[in-house]
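The next block holds one structure in the form of structure tokens; read it before the comments.
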There are 4 protein chains.
Amino acid sequence: MGQKERRQREKMQRRTQILNAARALLLKEGFSKTSVNKISRKAELSIGSIYFYFKNKEEIFASLQQEGLEILHAYVNSETEGITDCRERLKKGAEAYYRFSRKHKDYFDVINYFLSSPQVFFSENEKRTIDSKGAMILENIANTVSRGVAEGVFVEDYPGNFAMLFWASLHGLIQMRKLQGTMLESEDFDTFFQYSVDKLIDSIRRK
Amino acid sequence: MGQKERRQREKMQRRTQILNAARALLLKEGFSKTSVNKISRKAELSIGSIYFYFKNKEEIFASLQQEGLEILHAYVNSETEGITDCRERLKKGAEAYYRFSRKHKDYFDVINYFLSSPQVFFSENEKRTIDSKGAMILENIANTVSRGVAEGVFVEDYPGNFAMLFWASLHGLIQMRKLQGTMLESEDFDTFFQYSVDKLIDSIRRK
Amino acid sequence: MGQKERRQREKMQRRTQILNAARALLLKEGFSKTSVNKISRKAELSIGSIYFYFKNKEEIFASLQQEGLEILHAYVNSETEGITDCRERLKKGAEAYYRFSRKHKDYFDVINYFLSSPQVFFSENEKRTIDSKGAMILENIANTVSRGVAEGVFVEDYPGNFAMLFWASLHGLIQMRKLQGTMLESEDFDTFFQYSVDKLIDSIRRK
Amino acid sequence: MGQKERRQREKMQRRTQILNAARALLLKEGFSKTSVNKISRKAELSIGSIYFYFKNKEEIFASLQQEGLEILHAYVNSETEGITDCRERLKKGAEAYYRFSRKHKDYFDVINYFLSSPQVFFSENEKRTIDSKGAMILENIANTVSRGVAEGVFVEDYPGNFAMLFWASLHGLIQMRKLQGTMLESEDFDTFFQYSVDKLIDSIRRK
DNA sequence: CATGAATGAGTATTCATTCAT
DNA sequence: AATGAATGAATACTCATTCAT
């Protein structure tokens, strides 16, 4: 009776094992150098097993991205929950996203990879599940904006659009981090990021 | 007579031949699938010749990116020159950037690739020349902002920072284009982009 | 039933297959012209398989050298065992080494290659195993010398040193074989070799 | 009139230029990494010119070996001239050879390369000129031995053979240098080399 | 004499994936 | 459900040599 469940549990464990290995390699060696062979060695599972649990390499990374979006969502949530001031909420959320990009560089790189790569990689099915995670994050922002509007702090007719603009801008900003020391006017990136977030939030402030 | 020059010209043509092939492949097959072998086949030149004209694969792509930045700069310039109204200038510039990303998808992808890829790819030397091109584009924005401030249209203490924020946001936005139909509230991306640019420019408008 | 063992046996056979091919090519074409591609073709195995059985090209050659040292050791042993007269033992051993260099030209060339090539090729680990094989051969000589000293036939304070000198000289001599007919005074190399061995052994004879 | 000679002189200079470059690369990068392309770059001459002055790559290295043998000869001569004591002469000569192998590692490697490589590389013609250089060195040793015999210091019926044995042994010994720290009993190679030379000379000493 | 552009087979190694067991 | 041997095309890059100018 309990056999089925145990099996099921073991199956999930194997999956996790593989994802752990893939994630670790991703962080250490980067994207292009993370091969299925290496994953199998690190996960202490045969190559055959990898292909039993995942259709192909992409599916592994798609799973990783989903994971990443979940963690991102949880992280931003935990860093902003309890904050009632709407502007503060947006600000803290933005900072949390930036911190996430540094603390969870591996996950951020996965998310970034699929976001910025010009090719389409996922099946419609995969796309849908990934989108739903992303939507949660966007909703969070949009809700805060809506609340701000209701409270008279913000002025914004399209909270959903602003949420997307907000996220896109943050994402673009973080990518620019590598230009630190060259094109960047501010002494350090952190100051610049701070400045940018303030500017973005200011754009919907009631004057 | 003129032999030397003809040779020189032919040499430049070969270089162009190679870059054309590389660019075409980049657009069609994406980055990781664009190999030196394929470039040589497409350019109808031997592999050895590729390496005669370029030190390695990276140098090809670095050249492509430089080209791209130059074209981008020229394109945005041509689309904004003569416009005296500062807000209009920024707006048209942003739209030009977006149009560039679609009309010159190949070049945009190259620029985007190096901007968004987490690995560092270029030598200090290459980085410097590329940065200088990028700096020109940023300066263009910063100058317009400064002028706007002088004219009393804008309020902004750090035009350089804003220029960077502006560019980063536009870049982030364009990447989100692929989410059209899923996470995007606006019916179509163009409307959303328009909205976003207005928002960004509004954030430095004198009230 | 014996499936596992059969598999294991087959695996060893494949390894041998590869080493055979590598050895044959080494003998026929020399070192620098022995490529992994050629080995794979000769062994009738895919390139991938070669790399499944050996980490890289060096490991193949290291294996070959180890094999060679083992065979050399066994050969010299078999040719000298039972000989009680110490001088005779050394003499027969030296002759055996020379004969080995001709009968097992392939293995000798491998050993010679790594001994005489100015570059360091092996990892510390590989070096250690190879050294241990070489040490056995040296010990054999040193022991005979020591026994000779005990028996009053030889006079030598440093049997270990002499063993090395003995081996080094033999090795140097065999390399000179190719000068036969030019710089060599003796009509033929064999006579010269005989002469040399006598001379070397004589240098530790009690007078 | 003097034109021809100037031309001739320039031609020799070009040759020297090429050989200098080849030698320098040989020392810095080792054998297999010294390519004709690199030589041409280092020599500041076109590839075509290299092939005008040398039939192919091997010819360059053959020339280098000849040079090496000449320098070796001159070096050993200069270090032993004026020494009248025969045993001292041999000893100093041997030490000079060892020193040569370290001070002129590049030349020694070339000589060693062709001596120890199992393939035949040179045409009969090349072989002859190289042999003649080697013969000079051997003669030097043989003469000293002969003189020692005449003086009653040495006992040796075949000075030519001994000369060859002496050289071969020295050469073999120097190759063993890389085993320092593993198979070598003596703390350091220098001591061992000293020991070996004494032993070899001792083997022809009148008792 | 001298140049240097052009070649293309060659190098070692990695890779995602398949499939018989 | 799990294994791991086998594949072979693919990767970036190097090389000695040729030859038209």
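Here is the naming used below: chain letters follow the sequence lines, and residue numbers restart at 1 for every chain. Computation of the quantities below employed the complete heavy-atom set of this structure, encompassing side-chain atoms and omitting hydrogens, waters and symmetry-equivalent molecules.
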Checklist entry - Is the shortest heavy-atom distance from the side chain of A:Phe54 to the side chain of A:Val36 under 4.5 Å? => result no
Checklist entry - Could you state the CZ-P distance from C:Arg9 to E:dT21, rounded to the nearest angstrom? => result 16 Å
Checklist outcome for this item: Of all heavy-atom pairs linking B:Ile39 and B:Ile50, the shortest is CG2-CD1, 4.1 Å
Next on the checklist: What is the separation between atom CD on B:Glu29 and atom C1' on F:dA10, rounded to the nearest whole Å?
Outcome noted: 13 Å
Checklist entry - Does C:Tyr53 place a side-chain N or O at less than 4.0 Å from the phosphate oxygens OP1/OP2 of F:dA6? => result yes
Checklist entry - Atom CD1 of C:Ile50 to atom P of E:dT14: distance rounded to whole Å? => result 14 Å
Next on the checklist: Classify C:Ser35 by what it touches in the nucleic acid, base, sugar-phosphate, or nothing, heavy-atom distance under 4.0 Å.
Outcome noted: sugar-phosphate
Checklist entry - Paired with E:dG10: which nucleotide, if any, by Watson-Crick or G-U wobble criteria at under 3.5 Å for both distances? => result F:dC13
Item to check | Phosphate OP1/OP2 of E:dA6: any B:Ser46 side-chain N/O under 4.0 Å | outcome: no
Next on the checklist: Let's go through A:Ser35 and A:Lys38 carefully: what are the C-alpha distance in whole Å and the side-chain angles of both, what is the deciding distance for side chain to side chain contact (heavy atoms under 4.5 Å, CB included) to 0.1 Å, and is it a yes or a no?
Outcome noted: CA-CA 5 Å; A:Ser35 71; A:Lys38 281 181 192 162; 3.5 Å; yes
Item to check | Sugar-phosphate, base or nothing in reach of B:Tyr51, heavy atoms under 4.0 Å | outcome: base
Next on the checklist: Nearest to the A:Ile47 side chain among F:dA12, E:dA12, E:dT18, which nucleotide is it?
Outcome noted: E:dT18
Checklist entry - OH of C:Tyr107 to CD of C:Glu67: how many Å apart, nearest 0.5 Å? => result 3.5 Å
Next on the checklist: Classify D:Leu45 by what it touches in the nucleic acid, base, sugar-phosphate, or nothing, heavy-atom distance under 4.0 Å.
Outcome noted: sugar-phosphate
Next on the checklist: Any base atoms under 4.0 Å from C:Arg41, or only sugar-phosphate, or nothing? Heavy atoms, all strands.
Outcome noted: nothing
Next on the checklist: Checking contacts here: which listed nucleotide (F:dA12, E:dT13, F:dT14) is nearest the side-chain heavy atoms of B:Val36?
Outcome noted: F:dA12
Checklist entry - Would one find a side-chain N or O of B:Arg7 under 4.0 angstrom from OP1 or OP2 of E:dT3? => result no
Next on the checklist: If you assign each of B:Glu44 and C:Lys33 to its closest nucleotide in DNA chain E, which residue comes earlier from the 5' end?
Outcome noted: B:Glu44
Next on the checklist: Expressed as a whole number of angstroms, how long is the span from D:Lys57:NZ to F:dT17:C1'?
Outcome noted: 12 Å
Item to check | Closest to the D:Arg14 side chain, choosing from F:dA1, E:dA2, F:dT11 | outcome: E:dA2
Item to check | Between C1' of F:dA16 and CD of D:Glu59, the distance in whole Å | outcome: 14 Å
Checklist entry - Taking any strand in view, what nucleotide pairs with F:dA1 in a Watson-Crick or G-U wobble way, both distances under 3.5 Å? => result none
Checklist entry - Is any side-chain heavy atom of C:Lys28 closer than 4.5 Å to a side-chain heavy atom of C:Leu26? => result no
Next on the checklist: Rounding to an integer number of Å, can you tell me how far C:Asn37 CG sits from F:dG8 P?
Outcome noted: 13 Å
Item to check | Atom-to-atom span, CD1 of D:Ile39 to C1' of F:dA16 - whole angstrom | outcome: 11 Å
Next on the checklist: Do C:Arg23 and C:Asn20 have side chains that approach each other closer than 4.5 Å (heavy atoms only, starting at C-beta)?
Outcome noted: yes
Checklist entry - For the pair made of CZ in A:Phe54 and P in E:dA16, what is the distance, rounded to whole Å? => result 15 Å
